[in-house]
Amino acid sequence: MIEGLDRTPLTRDFFDRPVLDVAPDLLGRTLVRDTADGPIELRLTEVEAYAGEIDPGSHAFRGRTGRNSVMYGPPGHAYVYFTYGMWHCLNLVCGPEGMASGVLLRAGEIRLGAELSRKRRFSARNDRELAKGPARLATALDIDKALNGTDAIAHPGASLSVLHGTPPPSDQVRNGPRTGVGGDGALHPWRFWIDGDPTVSPYRPHAPRRRAT
DNA sequence: TGTATGATGGGCT
DNA sequence: GCCCATCATACAT
């Protein structure tokens, strides 16, 4: 157990708010992943908001598809997608049903179960890199598409849940453009992080793929 | 600590 | 057929 943490679970109501309210409010919260080998806990240090069909950066921008259908469902569920042929990323659905908005969990500090994470993240050079980036976070917590649609509101047998944790003082919360988001979606400063935290991932602007020769 | 580049496959126009 | 909410590696500094 971790000393000094508020272990009260976040409720459905926490996520049933506008995504731009929820996203910064998730910083400092404790993400709990119950794996077959034991629990892993992480303190969230970096997130990004994706505002449904009005947001050019969102998977829901072009409407409902098979992949993004979970985003249209109730808040507090996990939307997990597969990208770049190799990686998974974890979002938490926000707002009322039908809004299709969510928060991408981009980085965090492993506070419990680091030995389990190190086995999956064997290439990490130090513990700060275990969950420094959204695909690293998913790998560190053994999250893949099997968890897509999972209810992350605490309940018996939950494989994923979020606790109240220790939110940072508001003057330590920063925001800026989202990483790797291009086009009009790059205009929105909807990435939120804890200032100075060593587990926050480096910002990278959108870089279009160049065709192989 | 930083930059360049290849990997790798599902989703969608 | 192009795009992608990315990362590991190699190499320079």
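A, B, ... follow the sequence lines: proteins, then strands. Residue 1 opens every chain. All values reported here derive from a predicted model rather than from experimental measurement.
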What nitrogen or oxygen pairs link the protein and nucleotides 10-13 of chain C at under 3.5 Å?
none

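A cation-pi arrangement is absent between A:R12 and A:F15 under the rule of less than 6.0 angstrom and at most 45 degrees off the ring axis.
Between the NE2 atom of A:H206 and the C1' atom of C:dC3 there is a distance of 8 Å, rounded to whole Å. As rounded to whole Å, 11 Å separates atom P of C:dT6 from atom CZ of A:R136. A:R204 has its CZ atom 10 Å from the P atom of C:dA8, to the nearest Å. Rounding to whole angstrom units, CD of residue A:E129 and C1' of C:dT6 are separated by 14 Å. One can place CZ of A:R106 at 12 Å from C1' of C:dC7, the figure rounded to the nearest angstrom. Between A:W87 atom CH2 and C:dT6 atom C1' there is a gap of 7 Å when expressed in whole angstrom units.
Listed for the A:S101 side chain is a donor-acceptor partner under 3.5 Å among the backbone atoms of A:C94. One N or O on the side chain of A:R33 and one on the backbone of A:D142 form a donor-acceptor pair closer than 3.5 Å. At least one donor-acceptor pair under 3.5 Å links the side chain of A:R17 to the backbone N or O of A:F14. A side-chain donor-acceptor contact under 3.5 Å links A:H206 to the backbone of A:G180. Put simply, the side chain of A:R111 never gets that close to the backbone of A:L42: no donor and acceptor are under 3.5 Å apart. In terms of modelled atom types and a separation under 3.5 Å, the side chain of A:N126 and the main chain of A:E129 share a donor-acceptor contact.
For A:T8, the side-chain hydrogen bond (donor to acceptor under 3.5 Å, both in side chains) partners at least two apart in sequence or on another chain are A:D6. With sequence neighbours excluded, the residues satisfying ring pair (Phe, Tyr, Trp, His ring centres under 6.0 Å) with A:Y81 are A:H59, A:Y79. Partners of A:R128 according to the side-chain hydrogen bond (donor to acceptor under 3.5 Å, both in side chains) rule, which considers only residues two or more places apart in sequence or in another chain, do not exist here. When the ring pair (Phe, Tyr, Trp, His ring centres under 6.0 Å) test is applied to A:W190, the partners found at least two apart in sequence or on another chain are A:H188.
Salt-bridge annotation for A:K119 and A:D37: absent, with no side-chain N of the basic residue lying under 4.0 Å from a carboxylate O of the acidic one.
Across all strands, A:G133 comes closer than 4.0 Å only to sugar-phosphate atoms, never to a base (heavy-atom distances).
Transitive grouping of hydrophobic side chains (ILVMFWY, heavy atoms separated by less than 4.5 Å) keeps A:M71 and A:M99 in distinct clusters.
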Side-chain donor-acceptor distances from residues 132-141 of chain A under 3.5 Å, at least two apart:
unit_1: A:K132; atom_1: NZ; unit_2: A:P198; atom_2: O; d: 3.2
unit_1: A:R136; atom_1: NH1; unit_2: A:K132; atom_2: O; d: 3.0
unit_1: A:T139; atom_1: OG1; unit_2: A:A135; atom_2: O; d: 2.8

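What you find for A:V47 and A:A23 is that their closest heavy atoms are CG2-O, 3.3 Å.
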remark   = Whether each nucleotide of nucleotides 8-13 of chain B has a protein heavy atom under 4.0 Å at its base (B), only at its sugar-phosphate (S) or at neither (-) is summarised, 5' to 3', as BBSSSS
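With respect to A:T199, the side-chain contact (heavy atoms from CB on, under 4.5 Å) criterion is satisfied by exactly one of A:E109, A:R106, A:E46: A:E109.
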query = Between A:R67 and A:S69, does a side chain to side chain contact (heavy atoms under 4.5 Å, CB included) hold up when you go through it step by step?
reply = CA-CA 6 Å; A:R67 177 175 65 158; A:S69 64; over 6 Å; no
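Residues of residues 88-102 of chain A having a heavy atom closer than 4.0 Å to DNA chain C, listed by number: A:N91. Within residues 115-123 of chain A, the residues having any heavy atom under 4.0 Å from DNA chain C are, by residue number, A:R121, A:S123. Using a 4.0 Å cutoff on non-hydrogen atoms, the parts of residues 180-190 of chain A near DNA chain C are A:G180, A:V181, ordered by number.
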inquiry  = If a pair means Watson-Crick or G-U wobble with both distances below 3.5 Å, what does DNA chain B look like in dot-bracket form, with | marking bases paired to a different strand?
reply    = |||||||.||||.
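Each salt bridge (charged side-chain N to carboxylate O under 4.0 Å, His left out) pair with one or both residues in residues 163-189 of chain A, not counting sequence neighbours, appears once here: A:D55-A:R178, A:R174-A:D195.
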